[in-house]
Amino acid sequence: MNITCLFHLDFTGTINFEKTTDVHSRQKLIFGLIWSLKSFSQMLSVKPLQNFRNYSTSKYKLHIYELPTGLKLILITTPSKPDQLEKLQQLFQQLYVPLVSRNMFCQPNSKIHCKVFTEKVTEFLVNT
Amino acid sequence: MSKQQSIHAKQGENIFAKNPKISAELLALTYGAFVHKLIKDTDNAEEVNAILDKMGFNIGCRLVDEFFAKSPTQGLCQDLSDTAKVIAEQAFKMFMGVTAEIANFDGDNKSFSLILRENPLADFVVLPMQNQKLWYSNVVCGVIRGALDMLNMKVNVYFKKDVLRGHDCSEIRVELKEIVKDRYEEDE
């Protein structure tokens with residue numbers, strides 16, 4: 001199964017993107033974490049569960065929006081932020097679909113190299 | 001059962017109403033010109049069917065994102081009959097402006113048929129004698145296959161009947177081959 005990280009952005013400046021091994025292992029950790037969270041939360045429920053939405057620690061909060069296609073949008077914020085599900089939905093509806101899905105230069109399930117997408121996502125996240 | 005049905009149908013109607021639209025004639029004529037060109041280029045109806053299917057597959061892979069963007073409350077379907085309803089009543093309405101009927105579920109719930117009473121793609125079409133092997137709207141099969149592929153469902157989709165070939169309605173058969181389970185294996 002496909003576990004590529006299609007796109008990432010960092011506003012904190014704490015991640016050194018030149019060390020690709022670090023970034024890669026970080027991505028893998030996040031994926032594994034979400035995978036386990038999902039199966040764990042499912043384990044406690046008899047009925048099929050809606051997706052896991054977020055968890056918070058004293059330092060950060062991690063928000064997840066997962067689509068039925070398996071596409072996952074993950075946002076890490078300060079713990080005081082309320083649930084960002086709607087924001088991530090908007091991001092998917094207003095930016096991902098028009099700029100990536102409808103963009104014939106972006107192949108589905110491969111890394112996103114679209115410059116406009118990066119700019120718009122930055123704008124979207126910083127300004128709202 | 002009927003209430004469930006109406007939910008999907010209603011959802012489809014709502015989204016259809018909000019969607020920007022183009023003239024059905026423009027679509028029919030463009031698609032017609034396109035198929036015509038394909039036939040001219042390849043001169044082989046079966047090859048054209050394959051090309052249309054492949055094209056549809058690529059469209060479907062992307063269209064499924066669009067579908068979930070417009071219908072964010074739609075989660076994964078529990079079973080194939082649910083899937084059938086969502087495709088027939090919601091997706092067809094959203095993207096084609098028509099609804100399909102579901103029929104002929106087979107015994108073990110592995111395949112079903114979508115009956116199209118009207119097909120906006122084939123509005124002005126008469127199939128010439130030498131192209132009787134052509135499934136004119138085969139692109140639709142590809143779209144369904146592509147969209148379900150993104151949802152980890154491997155399916156066979158093909159036309160069984162087509163009004164253009166003199167049948168009483170258009171019938172698309174969808175057969176489920178397998179549902180690929182999400183697996184995650186350590187690669188170290």
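Quick note on labels: first sequence line is chain A, next is B, and so on, each numbered from 1.
The CG atom of B:Leu148 lies 12.5 Å from the OG1 atom of A:Thr69; values are rounded to the nearest 0.5 Å. B:Arg62 CZ to A:Met104 CE: the interatomic distance, rounded to the nearest 0.5 Å, is 9.5 Å. If you take CG on A:Leu71 and CG on B:Asp65, they are separated by 6.5 Å, rounding to the nearest 0.5 Å.
Under a cut-off of 6.0 angstrom, the local environment of NZ in B:Lys133 is sparse, with at most 12 non-hydrogen atoms contributed by other residues, nucleotides or ligands. The number of heavy-atom neighbours closer than 6.0 Å to NE2 of B:His36, taken from other residues, nucleotides and ligands shown, is 12 or below. Within a 6.0 Å radius of CZ in A:Phe40, other residues, nucleotides and ligands contribute 12 heavy atoms or fewer. Within a 6.0 Å sphere centred on CZ of B:Phe124, heavy atoms belonging to other residues, nucleotides or ligands number more than 12. Within a 6.0 Å sphere centred on CD of A:Glu86, heavy atoms belonging to other residues, nucleotides or ligands number 12 at most.
Taking the side chain as every heavy atom from C-beta outward, B:Lys70 and A:Gln93 never approach each other to under 4.5 Å. Between B:Phe68 and A:Val97, the closest side-chain pair of non-hydrogen atoms is not below 4.5 Å.
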